[in-house]
Amino acid sequence: MVSAPGYDASPLSRYPVLYLLHGRDGHASAFLEIGIQHTLDSLIEQHAMSPLIAVMIQDHSGLQNWRNLGWRNSESYVVEVQQLVDRMLRTIPARSARAIAGSSMGGFGAMHVALANPLRFAVVESWLGFFDGLQGELRSAAPVISRLGLHAFLYGAEADPVALPEEDPAFAAELRAAGADAEGVIYPGGHSLGKVKEHLATGLLFAARSLSGAARREAVEEARARWRG
């Protein structure tokens, strides 16, 4: 976990949370290895984004990361971690204050968890990920997305031999059709943590801006509900 700057010094403050999912046979510490702590601290110190808490989750190794399959309950584990974090840390315990992102298979996992649990996350990002079999989950989540919104940032790499880069703008278009604010990008290069590091600041800034937008939308919806009541 990476805490927000000033977390210990500001006991009354509450923060949004970004959940991060690693790739196949990877480790949660991979995000630390590519400098997420330094990047977050720098962006926050520059006032480019507001403070947040980043939570890196560890899954088993193998080909089926971040799914509930057989004895593995990885999707459910992500939800359990989110619930525990809201109980144990000074978070803003609301959908509009939660983002989820992942690299490679973690990108698939982030999208899968977000669509399977559409009332939990307002922002989702897939970095060099893929979207096999997620169309059904998107159809099921579409009513919630249309009502509450969803911010999504998907990127691939043009020379990626693992995840087809053209899937990113294509799935972003499907998300937009369901009512999401979604962007799909293809960058030069291949499939590596180095590529994730190269675009780490972009992903973090998207999450921060989108969380702010989700919070504003939630406030407007609450005001409208009170007025109607």
Side-chain angles (χ1 to χ4, degrees), residues 2 18-40 42-43 48-49 54-67 74-75 78 99-116 121 123-135 137-138 150-178 180-211:
V2 176
L18 170 63
Y19 295 89
L20 294 159
L21 310 185
H22 62 77
R24 173 187 169 188
D25 294 330
H27 199 277
S29 63
F31 295 104
L32 294 172
E33 292 166 6
I34 63 173
I36 191 169
Q37 176 80 70
H38 172 74
T39 305
L40 276 171
S42 295
L43 292 172
M49 62 179 285
V55 176
M56 290 150 276
I57 305 176
Q58 180 66 47
D59 196 6
H60 299 283
S61 61
L63 295 172
Q64 306 296 341
N65 288 132
W66 312 116
R67 304 178 229 203
S74 300
E75 175 200 332
V78 174
I100 186 167
S103 63
S104 190
M105 187 168 278
F108 164 85
M111 189 63 67
H112 163 56
V113 173
L115 295 180
F121 300 96
V123 182
V124 59
E125 300 190 40
S126 174
W127 307 336
L128 304 176
F130 53 92
F131 315 99
D132 299 354
L134 294 183
Q135 282 75 15
E137 291 183 0
L138 176 54
L150 179 69
H151 299 267
F153 178 53
L154 295 59
Y155 74 76
E158 60 186 11
D160 191 338
V162 178
L164 296 176
E166 57 267 27
E167 289 186 6
D168 294 277
F171 200 75
E174 293 183 47
L175 287 164
R176 288 194 296 273
D181 179 1
E183 180 179 357
V185 179
I186 301 175
Y187 292 122
H191 193 97
S192 69
L193 274 173
K195 178 59 58 178
V196 175
K197 180 177 182 179
E198 183 180 342
H199 298 287
L200 187 57
T202 300
L204 295 174
L205 287 170
F206 179 89
R209 288 193 299 266
S210 297
L211 287 167

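Source: prediction; values computed, not measured. Computation of the quantities below employed the complete heavy-atom set of this structure, encompassing side-chain atoms and omitting hydrogens, waters and symmetry-equivalent molecules.
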To the nearest 0.5 angstrom, please state how far the [atom1] atom of [X] sits from the [atom2] atom of [Y].
X      : Y      : atom1 : atom2 : value
Met111 : Leu150 : CE    : CG    : 7.5 Å
Leu128 : Phe108 : CG    : CZ    : 15.5 Å
Ser126 : Met105 : OG    : CE    : 11.5 Å
Leu20  : Ser103 : CG    : OG    : 8.5 Å
Gln135 : Leu115 : CD    : CG    : 10.0 Å

Check the pair Phe153, Val185 against side-chain contact (heavy atoms from CB on, under 4.5 Å), reporting the backbone distance first and the verdict last. CA-CA 8 Å; Phe153 178 53; Val185 179; 3.8 Å; yes

Classify the ring geometry of Trp127 against Phe31: parallel below 30°, tilted from 30° to 60°, perpendicular beyond 60°. perpendicular

If you look at every heavy atom in Ser104 and Gly23, which pair is closest and at what distance?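 The pair with the smallest heavy-atom distance is CB-CA, 4.2 Å.
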
If you look at every heavy atom in Leu193 and Ala30, which pair is closest and at what distance?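 Reported closest heavy-atom pair: CD1-CB, 4.0 Å.
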
Does any part of the side chain of Leu40, heavy atoms only, come nearer than 4.5 Å to the side chain of Leu204, both counted from C-beta? yes

Would you call Leu138 and Leu175 a side-chain contact if the rule is heavy atoms closer than 4.5 Å?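 In short, these two side chains touch, coming nearer than 4.5 Å.
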
Identify, with sequence neighbours excluded, every residue that meets side-chain hydrogen bond (donor to acceptor under 3.5 Å, both in side chains) alongside [X].
X      : answer
Glu174 : none
Ser74  : Asp59
Gln58  : His22, His27

Under the rule for side chain to side chain contact (heavy atoms under 4.5 Å, CB included), what residues qualify as partners of [X], not counting sequence neighbours?
X      : answer
Ala110 : Leu21, Ile100, Val124
Ala116 : Glu75, His112, Glu137
Ala48  : Leu43, Leu205

After noting the C-alpha distance and the side-chain angles of Asp132 and Glu167, does the key distance pass the side-chain contact (heavy atoms from CB on, under 4.5 Å) rule? CA-CA 9 Å; Asp132 299 354; Glu167 289 186 6; 3.9 Å; yes

Residue pairs, two or more places apart or on separate chains, that pass side chain to side chain donor-acceptor pair (under 3.5 Å) and touch residues 151-164: Asp160-His191

Pairing residues for His60 by the ring pair (Phe, Tyr, Trp, His ring centres under 6.0 Å) criterion, not counting sequence neighbours: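 So His60 forms a ring pair (Phe, Tyr, Trp, His ring centres under 6.0 Å) with Trp71.
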
Contacts of Phe131 that satisfy ring pair (Phe, Tyr, Trp, His ring centres under 6.0 Å) - sequence neighbours left out: Phe171

Only counting residues at least two apart or in another chain, list the ones meeting salt bridge (charged side-chain N to carboxylate O under 4.0 Å, His left out) with Glu198. Lys195

